[in-house]
Amino acid sequence: MTAQDPDTFTLAGQIVDAVNGAPVVAAVIKVPELRRFVFTNLSGRFAFTDFPEGTWDILVEQLGYHTLEGSVTVADGNGLFLRLNPDPIELEGLRVVTRGERLLHERRRRYPFRVTTISASTITAAADRDLAAIFRRHANAPLAMCPVEVDPWLAMGGCMYKRGDLKRINVYLDEAPLMGGMVELSQLDYREVHSMDWVPGIWRADNPELRVYSKGFIERLNTSNTHLAPFSWFVP
């Protein structure tokens with residue numbers, strides 16, 4: 001006997017503002033375990049085709065709103081109606097979003113898993129200005145010491161356990177590999193760093209990455225036609 005393919009259907013839904021009920025346009029709905037994501041249209045509606053029945057973790061993100069995440073059980077005939085709560089920090093006053101910040105935001109949104117951003121304000125507010133230490137505090141991941149590192153303290157957090165495998169975290173500065181990894185990261189001047197993106201992925205074959213962006217790099221993005229390559233992920 002051969003295993004039957006799981007039943008699939010079109011999963012449709014709508015994302016609205018929890019305060020006023022208005023549709024949330026261009027929100028991204030991610031299903032990490034399926035490596036899939038879609039965006040809402042002008043009515044706040046979205047649809048996944050060939051979606052399997054079952055219980056799945058989902059993640060909903062949009063600038064100006066708190067991220068919504070949790071598990072949902074879906075089947076043919078069901079739909080999703082989700083409310084996003086406005087983020088008062090994002091909505092206070094007016095702030096110009098630069099071209100560089102917009103490019104970073106769009107790249108994060110188009111990655112099917114969660115991306116944790118460590119902002120400049122988080123970095124400058126930290127009591128310990130060691131960038132590697134700041135990363136470890138905000139990674140929310142099973143970090144470990146890499147056995148090939150020389151200094152155990154600096155090496156702490158240089159690797160990550162992924163489904164039983166110990167994987168080295170690839171560190172990039174302005175899109176180029178930081179060959180010294182966490183050791184070199186700890187030596188950077190925090191005042192020159194704009195932000196960091198932590199991209200752990202969820203699959204064993206995915207390479208965890210820490211992307212560090214200098215203020216000079218963001219300025220170059222603002223004043224040039226440079227574009228950012230999307231985050232890569234393993235496709236089985």
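The model shown is predicted, which means the values in this text are computed figures rather than measured ones.
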Derivation of the side-chain contact (heavy atoms from CB on, under 4.5 Å) call for Phe39 and Val25 | CA-CA 8 Å; Phe39 292 91; Val25 180; over 6 Å; no

Can you list the steps and then say if Val199 with Thr116 is a side-chain contact (heavy atoms from CB on, under 4.5 Å)?
-> CA-CA 7 Å; Val199 191; Thr116 298; over 6 Å; no

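The hydrophobic cluster containing Val60 also contains Leu80, counting ILVMFWY residues as joined when their side-chain heavy atoms lie under 4.5 angstrom apart, directly or transitively. A single hydrophobic cluster is not seen to contain both Tyr65 and Leu59; linkage of ILVMFWY side chains at heavy-atom distances under 4.5 Å, directly or through other members, places them apart.
Here Arg109 does not pair with Glu61 in a salt bridge; the nearest charged N to carboxylate O distance is not below 4.0 Å. Using a 4.0 Å cut-off between a side-chain N of Lys or Arg and a carboxylate O of Asp or Glu, Glu106 and Arg102 do not qualify as a salt bridge. A salt bridge links Asp189 with Arg191; the closest basic N to acidic carboxylate O contact falls under 4.0 Å. Using a 4.0 Å cut-off between charged nitrogen and carboxylate oxygen, Glu175 and Arg220 do not count as a salt-bridge pair.
Here the OG1 atom belonging to Thr226 is positioned 9.0 Å from the CG atom belonging to Leu103, to the nearest 0.5 angstrom. Interatomic distance, His194 NE2 to Ile218 CD1, rounded to the nearest 0.5 Å: 5.0 Å. Distance check: Glu53 CD to Phe9 CZ gives 5.5 Å after rounding to the nearest 0.5 Å. Rounded to the nearest 0.5 angstrom, Gln14 CD and Asn41 CG are separated by 8.5 Å. Rounding to the nearest 0.5 angstrom, the gap separating the CG atom in Asp128 from the OG atom in Ser186 is 10.0 Å. For the atom pair CE of Met182 and CZ of Arg168, the computed distance is 9.5 Å after rounding to the nearest 0.5 Å.
Among residues at least two apart or in separate chains, side chain to side chain donor-acceptor pair (under 3.5 Å) pairs with a member in residues 71-84 are Thr55-Thr73, Asp57-Ser71.
With hydrogens and angles disregarded, a donor-acceptor distance shorter than 3.5 Å links the side chain of Lys30 to the backbone of Phe113. Looking at Asp17, its side chain does come within 3.5 Å of a backbone N or O of Val19 through a donor-acceptor pair. Arg114 places no side-chain N or O within donor-acceptor distance of the main-chain N or O of Pro200, the cut-off being under 3.5 Å. The main-chain N or O of Val24 is found under 3.5 Å from a side-chain atom of Thr40 such that the two form a donor-acceptor pair. Arg129 places a side-chain N or O within donor-acceptor distance of the main-chain N or O of Thr124, the cut-off being under 3.5 Å.
No side-chain heavy atom of Val212 sits less than 4.5 Å from a side-chain heavy atom of Leu178. Within the 4.5 Å cutoff, side-chain heavy atoms of Phe48 are placed close to those of Ile29. Proximity of Ile134 to Ile118: side-chain heavy atoms (C-beta onward) are separated by under 4.5 Å at one or more points. Leu143 is listed as a side-chain neighbour of Phe135, based on a closest heavy-atom distance under 4.5 Å.
For Asp197, the salt bridge (Lys or Arg N to Asp or Glu O under 4.0 Å) partners at least two apart in sequence or on another chain are Arg108.
Other residues, nucleotides and ligands place no more than 12 heavy atoms under 6.0 Å from the CD atom of Glu33.
Classified by interplanar angle (parallel below 30°, tilted 30° to 60°, perpendicular above 60°), the ring pair Tyr213/Phe217 is parallel.
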